[in-house]
Amino acid sequence: MSGRFAQADVLSLLLDECGQAVLAVAPQSLEVRYANGEAARLLGGTPAQLVGMRITEIETGLQDHFFWEEVAAGTARELIAAEAQYRDLRGQVRPVERSVRRCAAAGEAFYLVTARDIALERANEDLAARTASLLAATLESMADGILVLDLEGEVRNFNRRFTEMFGISASLSVSPRGDEALSMMRTHFRLPANWDAALAAVLEDPARHRDFTFALDDGRNLDCAARPQLLRGHAVGVLFCFLDVTDRARYQQALIAAKEVAETANRAKSQFLSSMSHELKTPLNAILGFTQLLEFDRHPEQEDSLRTIRQAGDHLLSLINEVLDLARIEAGRIELHIQELEVREILSQALAIAQPALARHGVTLDSEIAPSATQVMADPLRLRQILINLLSNAAKYNRPGGEIHVRVTPASLPHGPAVSIAIADNGIGIADADLPRLFQPFSRLENTRERTEGTGLGLALTLRLAELMRGSVKVESELGNGSTFQLLLPAG
Ligand code: ADP
């Protein structure tokens with residue numbers, strides 16, 4: 001191998017491996033006369049395929065065409081690091097950065113093009129731009145004011161909400177006048193005495209999460225959370241997130257005031273009711289007592305009037321008792337004596353009391369108690385009250401000659417074993433749409449209002465009492481086909 005040949009080889013190798021695409025282009029014909037290995041790799045072919053092509057088949061951008069036209073016309077200047085569009089042999093276009101120099105060798109002039117693929121760089125730039133725009137859009141749409149300081153305490157970023165919160169001109173640039181933001185903030189803050197020390201502490205230990213509350217001169221209250229800005233696990237700055245909590249603080253104060261008013265009103269109501277209880281019942285009992293006396297010695301013409309007084313008095317008494325019971329429950333002032341009770345015993349007491357109502361409505365009753373469901377945990381007085389109410393409803397809202405079936409069976413509640421006392425009638429029933437308001441105080445259904453007397457409070461009381469005894473009440477009914485009320489109580 002001769003020395004000259006070896007030198008040419010080395011030069012060609014160097015050209016192939018120089019990391020840049022190199023093309024030599026003839027000035028008038030614009031034909032590629034030489035292409036190195038990198039140019040072939042960039043354009044997806046061999047150097048031999050590129051030689052003979054017009055450079056404008058490779059450089060396809062509009063600017064590139066104008067440039068090479070000028071070259072052909074002899075009026076072009078050289079280009080340094082200009083961007084161009086290269087179309088490879090598969091027809092794909094990619095951005096490159098290339099320089100064009102006019103050279104001469106062996107008396108022949110040519111243009112030397114050196115190019116570098118910048119597709120990856122452009123993709124990275126696009127990605128960075130997209131990330132930055134996403135971040136900016138997110139920041140701008142936030143309801144919180146954001147301020148980012150670097151570890152020297154210089155402002156690095158903030159959003160529009162932050163400028164609004166502190167009355168800072170929105171046109172203020174982040175840098176280099178960013179520190180103006182801080183000084184403007186200072187003038188708006190009624191800074192706590194230790195603000196500077198607190199800021200210094202945040203910057204000294206930026207990885208730590210800290211929370212502050214600030215009061216502005218204009219009466220606003222701000223919550224502020226200081227969080228580290230992390231880069232590969234290390235704090236490179238601190239992000240302050242300001243939230244205007246003035247309204248929240250105001251609502252809280254209003255809520256506390258409203259609660260106090262409600263509590264005072266509730267206390268007044270309970271006091272009023274407990275004193276009224278006595279005031280209402282004393283004269284009523286006198287009316288009922290004396291009516292009873294008059295009934296012993298009645299004149300036939302007074303009979304109707306006496307019955308009316310007696311019925312109105314009874315009704316008023318049950319209304320007063322139920323209203324007072326409900327009021328006591330709502331004021332949390334009802335006392336229960338929960339104990340183990342024999343269902344059979346309480347049921348027969350309730351039946352004895354409800355018997356006149358059953359007879360009056362001409363209904364018959366049968367009952368069945370499963371041997372495994374004999375005891376419940378309940379208050380005897382209140383359980384009797386519930387059963388009397390359910391039994392008298394089953395009689396009141398029945399049809400003449402109707403039936404009532406009482407079934408006591410084992411059941412379960414979410415918190416343990418229970419006993420179910422189901423009272424089923426075959427009376428007028430309840431429409432599905434009416435079921436949700438059955439247990440609301442004073443709700444009497446349309447089809448029953450005219451028919452029987454009642455207060456509309458019995459079921460409301462029944463449910464609240466059952467719940468106070470850790471039980472519940474369920475109802476199943478079909479309009480025209482009777483109802484079943486099921487009382488569930490914890491098993492004894
Ligand atoms: P009251 O019976 O004093 O009106 P309740 O609270 O006991 O009040 O009952 C509320 C309403 O529910 C009654 O007015 C009635 O319309 C309806 N209701 C209760 N029990 C039955 C039942 N067994 N069958 C049909 N409707 C009933």
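Keep in mind that this is a model prediction, so the values were computed, not measured. Just follow the structure's listing: the first ligand is 1, and inside any ligand the first atom is 1. Index from 1, following the sequence.
Under 4.0 angstrom from ligand 1, the non-hydrogen atoms of Ile430 all belong to its side chain. Residue contacts with ligand 1 for Asp425 involve side-chain atoms from C-beta outward but no N, CA, C or O (heavy atoms, distance under 4.0 Å). Contacts between Ser443 and ligand 1 below 4.0 angstrom, taking non-hydrogen atoms only, involve the backbone exclusively. Only the side chain of Asn389 comes within 4.0 Å of ligand 1, judged by heavy-atom distances.
Under 3.5 Å, the side chains of Thr246 and Asn221 contain no donor-acceptor pair of N or O atoms.
Within the listing of ligand 1, atoms 22 (C), 24 (N), 25 (C) sit less than 4.0 angstrom from a heavy atom of Ser483. Every atom of ligand 1 with a heavy atom of Phe485 under 4.0 Å away is listed here by number and element: 20 (N), 21 (C), 22 (C), 23 (N). Of all atoms in ligand 1, numbered sequentially from 1 with element shown, those under 4.0 Å from a heavy atom of Lys396 are 1 (P), 2 (O), 3 (O). Near Gly458, with a cut-off below 4.0 Å to any heavy atom, the atoms of ligand 1 are 5 (P), 6 (O), 7 (O), 8 (O). Listed by number with element, the atoms of ligand 1 under 4.0 Å from a non-hydrogen atom of Leu457 are 6 (O), 8 (O). Each of the following atoms of ligand 1 lies closer than 4.0 Å to a heavy atom of Leu438: 12 (O), 17 (C). Atoms of ligand 1 lying under 4.0 Å from any heavy atom of Leu459, numbered from 1 in the order shown and given with element: 5 (P), 6 (O), 7 (O), 9 (O), 12 (O), 19 (C).
The closest approach between Phe439 and ligand 1 stays at or above 4.0 Å for every heavy atom of the residue. The closest approach between a heavy atom of Gly456 and any atom of ligand 1 is below 4.0 Å.
You'll find the side chain of Arg87 reaches within 4.5 Å of the side chain of Thr60, heavy atoms only. Taking 4.5 Å as the limit, some side-chain heavy atom of Glu83 sits within range of a side-chain heavy atom of Ile118. Within the 4.5 Å cutoff, the side chain of Leu149 has no heavy atoms near those of the Val202 side chain.
Put simply, the side chain of Gln339 never gets that close to the backbone of Pro380: no donor and acceptor are under 3.5 Å apart.
The CD1 atom of Ile146 lies 9.5 Å from the CG atom of Asn157; values are rounded to the nearest 0.5 Å. Here the straight-line distance linking atom CG of Asp244 with atom CG of Leu222 works out to 5.5 Å at 0.5 Å rounding.
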Show every donor-acceptor pair shorter than 3.5 Å between a side-chain atom in residues 483-492 and any protein atom, with sequence neighbours excluded, or say none if there are none.
{"from": "Ser483", "atom 1": "OG", "to": "Ser477", "atom 2": "OG", "distance (Å)": "3.0"}
{"from": "Gln486", "atom 1": "NE2", "to": "Ser420", "atom 2": "OG", "distance (Å)": "3.0"}

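Here the rule is side chain to side chain contact (heavy atoms under 4.5 Å, CB included) with Phe439, and of Thr462, Leu461, Val475 only Val475 fits it.
Taking any N or O of Leu445, backbone or side chain, at least one lies under 3.5 Å from an N or O belonging to ligand 1.
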